[in-house]
Amino acid sequence: MIWQFDFLILALGVICALASISLKDLLSAAIVFGAYSFLMCLLWTEMGAVDVAFTEAAVGAGVSTVFFLAAVFHTSRIVQPRRRGRMLHKLVGLAAATGIGILLISATADFPNWANPNSPASTHLSPFYITETIPLTGVPNIVTSVLADFRGFDTMFETAVIFVAGLAVVSILGRYGRRLRDYEPSPVGEDVAHQSPIIQAACRIFVPFMQLFALYVVAHGHHSPGGGFQGGVILGASFILVAISYDLRVMQRRLQERRAMLFSSLGVLIYSGIGALCLLMGANFLDYSILHTILPATSPIMARSHGMLGVEVGVALTVMSIMVIIYVNVASYGKSDRGL
Amino acid sequence: MEILLAKYNYWIYVALMMIGIYGMIAKTNLMKKIIGMSIFQTAIIVFYVSIGAKKGATIPIIEHGHGAAHAAVRVADYVNPLPHVLMLTAIVVGVGTLGVALAIAMSIYKEYGSLEEDEILERLE
């Protein structure tokens with residue numbers, strides 16, 4: 001933790017946040033917001049939160065910028081000035097922001113000093129997880145072991161929340177397009193060729209490596225930063241890259257929206273199914289150690305490690321397909337035909 | 001100077017949060033409100049992650065491998081992983097809610113032909 005480095009990133013972050021709030025052009029605002037997300041990712045790496053930084057690099061700086069661009073593309077790009085009551089509106093906003101800000105800053109007087117190793121948060125609960133993760137689960141990455149095992153019940157519902165978010169996007173935007181049931185991918189016409197061949201060639205080379213890396217991130221999340229969420233977002237981003245550099249229909253020949261919907265529910269089913277399997281075998285819900293009786297050549301400790309891999313695969317499936325579904329719907333206004 | 005070095009991080013997080021709140025209240029464009037909401041969200045995430053930071057500690061992955069000695073794990077050597085776990089899922093759920101927010105904004109644009117709050121209110125009447 002080098003405070004000069006910290007301060008530089010935070011100052012740049014504040015500048016980017018102010019710029020993306022005040023820019024009149026929404027396209028530039030979205031790009032600056034992507035830069036802001038990337039600065040946050042650097043900040044988290046610097047604080048030692050590698051898994052969070054990895055997620056933010058994939059999600060904040062990558063996928064959510066693309067979502068913003070797709071939404072701005074289909075709506076208006078320039079912010080119109082407010083017709084009346086502008087000053088009042090700004091004053092109310094400023095007053096609320098400064099008021100809450102002063103209250104929060106005065107509350108920081110009670111906080112422990114920044115990065116103090118003896119702060120209450122670091123002395124009461126967390127030492128248990130740091131010392132016991134290897135003896136209890138055999139997984140060196142503490143974030144993965146807490147995420148998928150100690151706190152697995154919560155992560156299961158987080159996965160369900162992502163699934164529900166995808167359903168919500170489909171049901172909000174789907175009524176402007178055709179019904180999913182009637183969907184047939186239309187033949188790819190010659191209008192695909194309007195994209196630059198350099199971009200298409202680069203995409204063709206990139207995508208296999210991206211997907212291979214995503215699978216590595218999912219499977220190796222026990223030993224290095226990564227896991228189901230990060231790997232799933234990278235997998236989804238590889239499909240989104242195909243959709244951007246070619247056409248939405250080219251991507252849909254690889255992964256139809258209907259099939260993505262099936263995959264997303266399959267992911268939640270894998271996660272809860274592993275939990276229910278533990279329950280059926282006589283242990284608690286999501287207590288993977290009982291699985292050593294059916295997995296060959298494992299001890300109860302290794303079974304917990306393998307159980308985590310199973311649920312991470314489920315998480316990755318859901319996250320990947322929901323990212324693809326949100327992009328397809330936002331980029332085509334629910335029609336899922338052409339895209340940007 | 002000492003208190004400044006110990007607390008300035010928190011103050012900048014508050015500043016980021018207030019930029020988000022200002023965007024959500026004072027901006028009339030719906031996309032700007034969504035950007036403000038996302039900035040507010042990252043400010044809270046950065047606050048949580050910073051709770052887990054420890055001076056002189058490394059990333060929360062226990063040293064392992066064939067060469068590594070199986071010494072006892074010292075808690076002070078690893079940053080607190082619990083805020084990381086909470087915030088990791090919050091980021092991914094955040095992109096889900098961002099997608100829903102964008103879908104609602106696009107739906108409003110289709111119905112009212114504008115993303116400006118005052119124009120939408122006029123057309124509602």
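Expressed to the nearest 0.5 Å, how far OG of A:Ser122 lies from CD1 of B:Ile51 amounts to 9.0 Å. Here the straight-line distance linking atom NE2 of B:His84 with atom CD1 of A:Ile142 works out to 9.5 Å at 0.5 Å rounding. In this structure, B:Met31 CE and A:Phe33 CZ are separated by 13.0 Å, a value rounded to the nearest 0.5 Å. With rounding to the nearest 0.5 angstrom, the OG1 atom of A:Thr123 is 9.0 Å from the CG atom of B:Asn80. The distance from atom OG of A:Ser76 to atom CD of B:Glu119, rounded to the nearest 0.5 Å, is 8.5 Å. Note: A:Asn329 CG to B:Leu102 CG = 12.0 Å, rounded to the nearest 0.5 Å.
Both the backbone and the side chain of A:Phe7 come within less than 4.5 Å of a heavy atom in chain B. If you measure heavy-atom distances from B:Tyr48 to chain A, you find no contacts under 4.5 Å at all. Of the atoms belonging to B:Met17, it is side-chain heavy atoms, and not backbone ones, that fall under 4.5 Å from chain A. Heavy atoms closer than 4.5 Å to chain B are found nowhere in A:Leu88, neither backbone nor side chain. For chain A, the nearby parts of B:Ile91 are the backbone and the side chain; heavy atoms of each come within less than 4.5 Å. Contacts between A:Pro120 and chain B at a heavy-atom distance below 4.5 Å are absent for every atom of the residue. Using a 4.5 Å cut-off between heavy atoms, A:Ala109 touches chain B through its backbone atoms (N, CA, C, O) alone. At a 4.5 Å heavy-atom cutoff, the contact between A:Ile326 and chain B is made by side-chain atoms alone. Heavy-atom distances place both the backbone and the side chain of A:Phe111 under 4.5 Å from chain B. Looking at B:Ser38, the atoms closer than 4.5 Å to chain A (heavy atoms on both sides) sit in the backbone and in the side chain alike. If you measure heavy-atom distances from B:Leu98 to chain A, the contacts under 4.5 Å come from the side chain alone. B:Ile19 touches chain A through backbone and side chain together, each having a heavy atom under 4.5 Å away. For B:Val14, the part lying under 4.5 angstrom from a heavy atom of chain A is the side chain only. For chain A, no part of B:Thr58 is nearby; none of its heavy atoms comes within less than 4.5 Å. Interface remark: A:Thr133 contributes side-chain atoms only to the contact with chain B (heavy atom separation under 4.5 Å). With a threshold of 4.5 angstrom between heavy atoms, A:Ile162 approaches chain B through side-chain atoms but not through N, CA, C or O.
Considering only heavy-atom pairs separated by less than 4.5 Å from chain B, the leading option among A:Leu26, A:Val161, A:Thr155, A:Asp51 is A:Leu26. Of the residues considered (A:Val319, A:Leu91, A:Ile100), A:Ile100 shows the highest number of contacts with chain B, using heavy-atom pairs under 4.5 Å. If you tally non-hydrogen atom pairs under 4.5 Å between each of A:Thr45, A:Val233, A:Leu23, A:Val315 and chain B, the highest count goes to A:Leu23. Residue with the most contacts toward chain B among A:Trp44, A:Tyr129, A:Phe163, A:Phe54: A:Trp44 (heavy-atom pairs, distance under 4.5 Å). By number of non-hydrogen pairs under 4.5 angstrom with chain B, the leading residue of A:Val63, A:Thr131, A:Leu94 is A:Leu94. Your options are B:Val75, B:Ile104, B:Thr97, B:Ile39, and the one with the most heavy-atom pairs under 4.5 Å with chain A is B:Ile39. When each of B:Leu115, B:Thr89, B:Ile21 is scored by its heavy-atom pairs under 4.5 Å with chain A, the top score falls to B:Thr89. Taking chain A as the reference chain and counting heavy-atom pairs below 4.5 Å, the highest number among B:Ala15, B:Gly52, B:Ala103 is found for B:Ala103.
When all heavy atoms of B:Ile59 and A:Gly48 are compared, the closest pair comes out as CG2-O, 3.6 Å. Taking every heavy atom of both residues into account, A:Ala29 and B:Ile35 meet most closely at CB-CD1, 3.9 Å. B:Ala43 and A:Tyr36 make their closest contact through N-OH, 4.4 Å (heavy atoms, listed as atom of the first residue, atom of the second, distance). Of all heavy-atom pairs between A:Ala97 and B:Tyr22, the closest is CB-CB, 4.3 Å. Closest non-hydrogen pair, A:Ala96 versus B:Ile25, comes out as CB-CD1, 3.7 Å. The shortest non-hydrogen separation linking A:Gly93 to B:Ala26 is CA-CB, 4.3 Å.
Looking at heavy atoms from C-beta onward, A:Leu104 lies out of side-chain contact with B:Tyr10 at the 4.5 angstrom threshold. Counting heavy atoms from C-beta outward, B:Ile61 and A:His223 have side chains that stay 4.5 Å or more apart. Counting heavy atoms from C-beta on, the side chains of A:Glu56 and B:Met87 never come closer than 4.5 Å. For the pair B:Lys110/A:Tyr333, a side-chain contact is recorded, criterion being any heavy-atom separation below 4.5 Å from C-beta on. Between B:Ile34 and A:Phe68, some side-chain heavy-atom pair lies under the 4.5 Å cut-off. For the pair A:Thr108 and B:Tyr13, the minimum side-chain heavy-atom distance is 4.5 Å or more. Counting heavy atoms from C-beta on, the side chains of A:Val79 and B:Lys32 come closer than 4.5 Å. In this structure the side chain of B:Pro81 reaches within 4.5 angstrom of the side chain of A:Ile130, judged on heavy atoms.
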Checklist line | side chain to side chain contact (heavy atoms under 4.5 Å, CB included) assessment of B:Tyr8 paired with A:Asp6 | finding: CA-CA 10 Å; B:Tyr8 83 93; A:Asp6 232 18; 3.7 Å; yes
Note to self: Go through it in stages, so that I can follow the logic: the residues are A:Met47 and B:Val79, the test is side chain to side chain contact (heavy atoms under 4.5 Å, CB included), and I'd like the CA-CA distance, side-chain angles, deciding distance and then a yes or no.
What the structure shows: CA-CA 8 Å; A:Met47 283 181 197; B:Val79 296; over 6 Å; no
Item checked: Derivation of the side chain to side chain contact (heavy atoms under 4.5 Å, CB included) call for B:Val95 and A:Met323 -> CA-CA 9 Å; B:Val95 76; A:Met323 291 302 133; 3.2 Å; yes
For a quick test of your reading: what N or O donor-acceptor pairs under 3.5 Å do the side chains of residues 9-22 of chain A make, sequence neighbours left out?
unit_1	atom_1	unit_2	atom_2	d
A:Ser20	OG	A:Cys16	O	3.4
A:Ser20	OG	A:Ala17	O	3.2
A:Ser22	OG	A:Leu18	O	2.8

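By the salt bridge (Lys or Arg N to Asp or Glu O under 4.0 Å) test, B:Lys7 pairs with no residue at all, sequence neighbours left out.
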